[in-house]
Student: 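Before we start, here is the structure in question, set down as structure tokens.
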Amino acid sequence: MLEVFFITASSLILLIQAQDGISTPPMGWSTWNKYGCHINEQLIKDAADLIVSQGYHNAGYTYLNMDDCWQSNERTSDGHIIIDRENFPNGIRPISDYVHSKGLKFGIYSSAGRQTCAGRMASSGYELQDAQTYANMGVDYLKYDNCNYDEGVSAKTRYEIMAKAINTTGRQIFISVCNWGTENTWEWAYQYGHSFRTHDDIYNDWKSIVEILNVHATVVNNSGPGQWADPDMLEIGNDRLTVDESKTHFSIWSAMKSPLILGNSLSDMPSELYNFVTNKNVIAVNQDPLGLPAKRILHVAHDKDIWVGELVNQTMVVVIINYMDQHQTFNIDTHYCGYIGSDIRAFDLWENATIPMKDQR
Ligand code: GLA
């Protein structure tokens with residue numbers, strides 16, 4: 001059994017800032033984790049409807065991101081990317097317009113290589129042309145992947161070319177550098193994007209989440225407003241994580257200030273899991289105006305983690321992960337967690353309740 005809870009040192013302010021994804025981590029939904037390459041116009045439009053009608057948008061989820069496979073694997077003779085006409089017979093612009101008409105933002109995907117990871121046409125060599133195509137489509141978010149690049153060209157160079165091309169369009173587009181933590185991503189990606197992946201792809205199981213956390217913990221220091229370290233999209237609701245694992249996944253992603261990009265079916269999310277991913281208290285931690293990631297201050301493999309982060313108004317968040325299959329008792333010394341104030345109050349975000357403190361100093 002896994003357990004997690006949050007405490008804060010003074011009452012939590014439920015203030016969610018303007019969610020442009022730069023001053024606070026982006027929140028949205030992506031096609032990839034659930035649907036992979038099986039995407040089409042109707043799926044995207046239905047997703048736009050559901051993000052709004054199911055209350056995800058009200059909870060803060062703003063981006064609708066179409067991942068790999070909207071492209072064919074060809075270009076026209078003058079270099080324009082050819083869309084997968086079977087699944088997107090009307091092109092992309094009407095879909096983007098539809099997404100915008102719902103008050104959402106529209107995301108798209110390509111790769112800093114010749115082909116995407118699924119073998120569709122990608123942007124290497126056509127960056128200026130593609131960036132303009134995305135701007136013309138009304139794209140607000142570009143996830144830029146790392147597959148099928150020419151050997152010998154550094155990631156830094158490849159991502160820089162696209163960042164400059166996007167800049168040339170004059171359109172404000174959030175750039176998600178998806179190069180899986182290779183070539184010390186965290187040292188340079190902030191110059192060319194607003195978020196950067198720190199690890200290979202998430203898989204839909206707890207083992208993958210633990211592996212990602214172990215890497216992410218070592219580089220999360222480099223995360224902050226406009227340069228969010230990205231441990232990958234959420235797997236909550238995709239049937240493999242237990243309820244406790246799902247809750248833990250959401251707790252720690254929120255506290256690390258990770259982009260919160262859902263990857264579940266929006267039409268049949270179990271209500272318990274839906275309540276997790278729309279929990280106002282926990283989302284407020286993710287969207288805290290300071291934008292400082294929680295850092296791991298204690299790690300005992302297969303046993304426990306403690307992560308601590310600073311929030312606005314002399315508030316801090318503490319995430320405790322119990323990796324054991326049994327209950328554990330944790331005595332948390334708030335001074336040990338770095339809090340030096342007096343008059344400390346603790347609050348359990350999931351229970352929405354004050355935690356009695358022992359031995360207040
Ligand atoms: C890579 C990325 C994934 C997804 C797929 C699409 O593996 O890391 O998140 O975008 O490509 O093919």
Side-chain angles (χ1 to χ4, degrees), residues 21 25-40 43-44 47 61 63-74 81-84 87-88 92 105-124 130 134 139-150 155 158-159 162 173-186 189 192-205 207-209 211-213 215-216 219 228-238 240-241 249 253 256 258-265:
M27 292 176 65
W29 178 86
S30 159
T31 52
W32 184 255
N33 282 358
K34 178 73 184 175
Y35 300 100
C37 262
H38 305 290
I39 58 172
N40 56 51
L43 179 89
I44 308 295
Y61 295 93
Y63 289 98
L64 193 170
N65 293 347
M66 202 168 65
D67 208 281
D68 206 345
C69 300
W70 60 271
Q71 317 90 326
S72 70
N73 48 18
E74 289 171 306
I81 198 150
I82 300 179
I83 293 159
D84 177 339
N87 291 307
F88 298 95
I92 302 300
K105 294 185 174 178
F106 182 60
I108 214 164
Y109 163 99
S110 185
S111 177
R114 300 276 163 197
Q115 292 176 322
T116 70
C117 298
R120 304 300 178 95
M121 189 51 66
S123 295
S124 180
D130 282 3
Y134 303 148
V139 164
D140 306 298
Y141 183 117
L142 172 66
K143 172 173 169 182
Y144 204 45
D145 212 335
N146 195 39
C147 277
N148 300 311
Y149 56 86
D150 295 339
R158 292 179 288 113
Y159 283 90
M162 183 49 103
I173 297 180
F174 184 101
I175 302 176
S176 155
V177 173
C178 178
N179 80 323
W180 323 315
T182 59
E183 299 180 48
N184 291 350
T185 316
W186 38 89
Y192 310 124
H194 306 103
S195 68
F196 53 92
R197 278 271 295 275
T198 57
H199 197 274
D200 208 350
D201 290 12
I202 194 166
Y203 286 97
N204 185 14
D205 60 27
K207 184 168 166 278
S208 168
I209 289 172
E211 275 171 18
I212 290 176
L213 283 182
V215 172
H216 206 77
V219 297
W228 307 109
D230 177 7
D232 208 354
M233 302 172 289
L234 295 156
E235 287 285 11
I236 299 163
N238 288 337
R240 293 279 297 278
L241 297 173
H249 183 18
W253 255 236
M256 295 190 303
S258 311
L260 294 180
I261 308 293
L262 300 166
N264 54 291
S265 158

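Numbers for residues simply follow the sequence, beginning at 1. Atoms within a ligand are numbered from 1 in the order they appear, just like the ligands themselves.
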Student: Hey, which of Leu234, Asp230, Ile236 is the one that makes side chain to side chain contact (heavy atoms under 4.5 Å, CB included) with Trp253?
Tutor: Leu234

Student: Does this structure show an ion pair linking Asp68 with Arg120, if we count only N-O contacts that are shorter than 4.0 Å?
Tutor: no

Student: Which heavy atom of the protein is the closest neighbour of atom 12 (O) of ligand 1, given with residue, atom name and distance?
Tutor: Asp68 OD2, 2.7 Å

Student: Relative to ligand 1, is Cys69 under 4.0 angstrom through side chain, backbone, both or neither, heavy atoms considered?
Tutor: neither

Student: Of the protein's non-hydrogen atoms, which lies at the shortest distance from atom 2 (C) of ligand 1, and what is that distance?
Tutor: Asp145 OD2, 3.0 Å

Student: Which ligand 1 atoms, with their elements, are less than 4.0 angstrom from a heavy-atom of Cys117?
Tutor: 1 (C), 11 (O), 12 (O)

Student: For Thr116, which part has a heavy atom under 4.0 Å from ligand 1: side chain, backbone, both, or neither?
Tutor: neither

Student: Quick check: closest heavy atoms across Ser208 and Asp201, and the distance to 0.1 Å?
Tutor: OG-O, 4.3 Å

Student: Is there a side-chain hydrogen bond (donor to acceptor under 3.5 Å, both in side chains) between Asp145 and Tyr109? Walk through the geometry before answering.
Tutor: CA-CA 7 Å; Asp145 212 335; Tyr109 163 99; 2.8 Å; yes

Student: Minimum heavy-atom separation for Phe88 and Cys69, please, with both atom names.
Tutor: CE1-O, 4.1 Å

Student: For ligand 1, which atoms, with element, lie under 4.0 Å from some heavy atom of Lys143?
Tutor: 3 (C), 4 (C), 9 (O), 10 (O)

Student: Can you list the ligand 1 atoms lying under 4.0 Å from a non-hydrogen atom of Asp201?
Tutor: 1 (C), 2 (C), 3 (C), 7 (O), 8 (O)

Student: Would you say the side-chain atoms of Ser123 and Tyr134 include a donor-acceptor pair closer than 3.5 Å?
Tutor: yes

Student: Which ligand 1 atoms does Trp180 reach within 4.0 Å, using its non-hydrogen atoms?
Tutor: 8 (O)

Student: Around atom 10 (O) of ligand 1, find the nearest protein heavy atom and jot down its residue, atom name and distance.
Tutor: Asp67 OD1, 2.6 Å

Student: Out of the candidates Met256, Arg197, His249, only one should pair with Pro231 under the side chain to side chain contact (heavy atoms under 4.5 Å, CB included) rule; please name it.
Tutor: Met256

Student: Out of all atoms in ligand 1, which are within 4.0 Å of some heavy atom of Arg197? Include the element for each.
Tutor: 8 (O), 9 (O)

